[in-house]
Amino acid sequence: MPKIRLEPVRGMRDLIPPESEEILWLEDTFRKRASSYGYEPVILPTVELFKLFEVKSGPEIVRSMYVFKDKAGREVCLRPELTAGAARLFLKTLQTRPRPVKIYYVGHVYRYEEPQRGRYREFIQAGVEYFGEEGVGADIELLALVRDYLADIGLKHYRLKLGHMGILRTLLNSWSVPEDVQDEAIHLIDKGLVDDAVRLLQKHAAGNDVSIVKELPKCREGDPEKLVRCGEEVGVSGAALDYVRQLSKILGVARELGINDVYADLGFARGLAYYTGFIFEIESSALGLSVGGGGRYDTLISLYGGPSTPATGFALGVDRIHLALKEEGWRIPERAVKVLLIPLVENYAYVDRIASRLREDGAIVNVYPKPKVSAGLRYASSRGYDYAVIVGEREVREGTVTVKNLRTRRQAVVSVDSLSLGGLP
Ligand code: HAM
C-alpha cells in the first residue's frame, strides 16, 4: 500500500470543533435571518457546465475555475459562486412564479487562487438573490438584511462600501470600448490597477480621453450631497451622473437605516462582469478584507436567453466572517449544555429515559460507553462538558441519578421523575 498523505489538498481545509461548530452556527443564523425577510431556500448543484460562467463572470473568476471534462466529455466546473446557478434555476423553474422571486443559499464554492490568510480554494458562501424588481427598494433591502445579520452574529467593526457600475459602463460605452475590453478593464480597476486599466482603455476608446477613470476614485464620500458634487467636479455628466444621483440616494437611505460606517466610491468596481448597477462590499476593519459583496445584474437572465429580468443579490464569505469575528475576540453566543452520562449498569431503558429527558430540555447528552467513572470524568473535562450524570445500581434502585457539576464541582442526587436541565446543581 502506498503511504496516504494526510494533509488536505492545497487550499482545502479540515474543520473541526470549535471552528466547525462556529461556522455552522453562522450558516444557521444566516438561514434564519434570510427567511425572516421572505427569502426561500434553494440547494444548487456543486458541478455546473463551464459555459454558464464563461458567459459573464469576468476574467478573474474564469481564470481561477476548476474546469474539467466529465466521463461523457462535458466541459464542467466546480461552481466558483452561486449567482450564475441561481440565475439558471430562475430561468428553468422559477420564472413563471409571481414576482418578486426571492431565494437564499448556503454552499461550498471553489476558486483556484493562491491560498493565504482568508483566501482558500474551497470556501462557503451564504447569499440571497432577488429576481424581478428593478427599483432601488430591492437593493436597499439587501443592505438592511446585511445590517441585521451582522448584528445577529455580533460583527462590530465593518464598513459598507457602495458603488454603481452604471457610471463606468456608461462612460466606456460612450467611448465605444468593446465589451471584452470593458470587462478586462473593470477587472483591473477591481484589483486596484487603475493605471493599467486606463492604458488598456486608451487603446480601445476611439480617440476619446479616458482620464476621467483616474479621477473617479477621488470621489469617496459618506455624505450623499457631497458625492454628487464631487461627481460633477470630476466631470461626470448625463446618464452617468444620473447613476451617481441614484447611488447618492441609496447612501442617504443606508444612513437612515442606521448603518453608520458607510461610504460611496465612484471609482469602485467589482470583478464579476455581470454587474450592471448598484454594487457594494462589506469590509472588515479587523481583517482588512472584504467579507461579502453583491449588487445588481439586470442583464444576466437575458444573456442566458431569458426575458429581460432585473435582479440583485449578494454573498457573504462565511469563512472570512468567521475569521473577522475571531479577530474581534468573538465567542459563539449560544451553546447547548453538555452532559456526559456514565452508566455503571446495563439498564438501557433507564439510561434512555434520563438521556431523553435532558435532550428534550435542549441538552447535548453523550452516553459514555464504558462503566468507568474516573475515565468518564477525564473525558468530560477534556471535551468541555458541563455535567456528568452517573447511574449506578443504587440510583436505579432508588429511581435517581447522581449529577456532578463539572464547573462548580457541586454534586447532588436527583430523582428521575423531577429531572430537568434547570433543576441540575
Ligand atoms: P464575490 O465578491 O466574488 O461575489 O464573493 C463573495 C465573498 O466571498 C467575498 O466577499 C469574500 O468574502 C468571499 N470570498 C471570495 N473569494 C474567497 C476565497 N478565495 N476564500 C475565502 N472567501 C472568499 C460573488 O461571488 C457574487 N456571486 C455575489 C453576488 C450575489 N452578487 C450578486 N448576487
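Note: hydrogens, waters and symmetry copies are ignored here, and every other heavy atom, side chains too, is used. Order of listing sets the numbers, starting from 1, for every ligand and every atom in it.
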Run the side chain to side chain contact (heavy atoms under 4.5 Å, CB included) check on Arg331 and Glu22 step by step: do they pass? CA-CA 8 Å; Arg331 300 186 80 144; Glu22 290 164 353; over 6 Å; no
Between Arg270 and Tyr275, does the side chain to side chain donor-acceptor pair (under 3.5 Å) criterion hold? Intermediate values first, please. CA-CA 8 Å; Arg270 277 176 54 72; Tyr275 292 117; 3.0 Å; yes
Only distances under 3.5 Å count here; give the side-chain donor-acceptor pairs of residues 65-85 to other protein atoms, sequence neighbours excluded, each with its distance to 0.1 Å.
from, atom 1, to, atom 2, distance (Å)
Asp70, OD1, Ala72, N, 3.0
Asp70, OD1, Gly73, N, 3.1
Asp70, OD1, Arg74, N, 2.9
Asp70, OD2, Arg74, NH1, 2.7
Arg79, NE, His108, O, 2.8
Arg79, NH1, Leu44, O, 2.9
Arg79, NH1, Pro45, O, 3.2
Arg79, NH2, His108, O, 3.0
Glu81, OE1, Thr83, OG1, 3.2
Glu81, OE1, Tyr274, OH, 2.5
Glu81, OE2, Ala84, N, 3.0
Thr83, OG1, Glu129, OE2, 3.0
Thr83, OG1, Tyr274, OH, 3.3

Could you pull out all donor-acceptor pairs under 3.5 Å where a side-chain atom in residues 222-241 meets a protein atom, sequence neighbours excluded?
from, atom 1, to, atom 2, distance (Å)
Asp223, OD1, Glu225, N, 2.8
Asp223, OD1, Lys226, N, 3.2

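Annotation: ring-ring contact (aromatic ring centres under 6.0 Å, His included) contacts involving residues 154-209, sequence neighbours excluded, comprise His164-Tyr243.
Not one N or O on the side chain of Asp361 forms a donor-acceptor pair closer than 3.5 Å with the backbone of Ala363.
Contacts of ligand 1 (protein heavy-atom distance under 4.0 Å) are Glu81, Thr83, Tyr105, Arg111, Glu113, Gly118, Arg119, Tyr120, Phe123, Gln125, Glu129, Arg270, Leu272, Tyr274, Tyr275, Ser290, Val291, Gly292, Gly293, Gly294, Gly295, Tyr297, Gly313, Phe314, Ala315, Gly317, Arg320.
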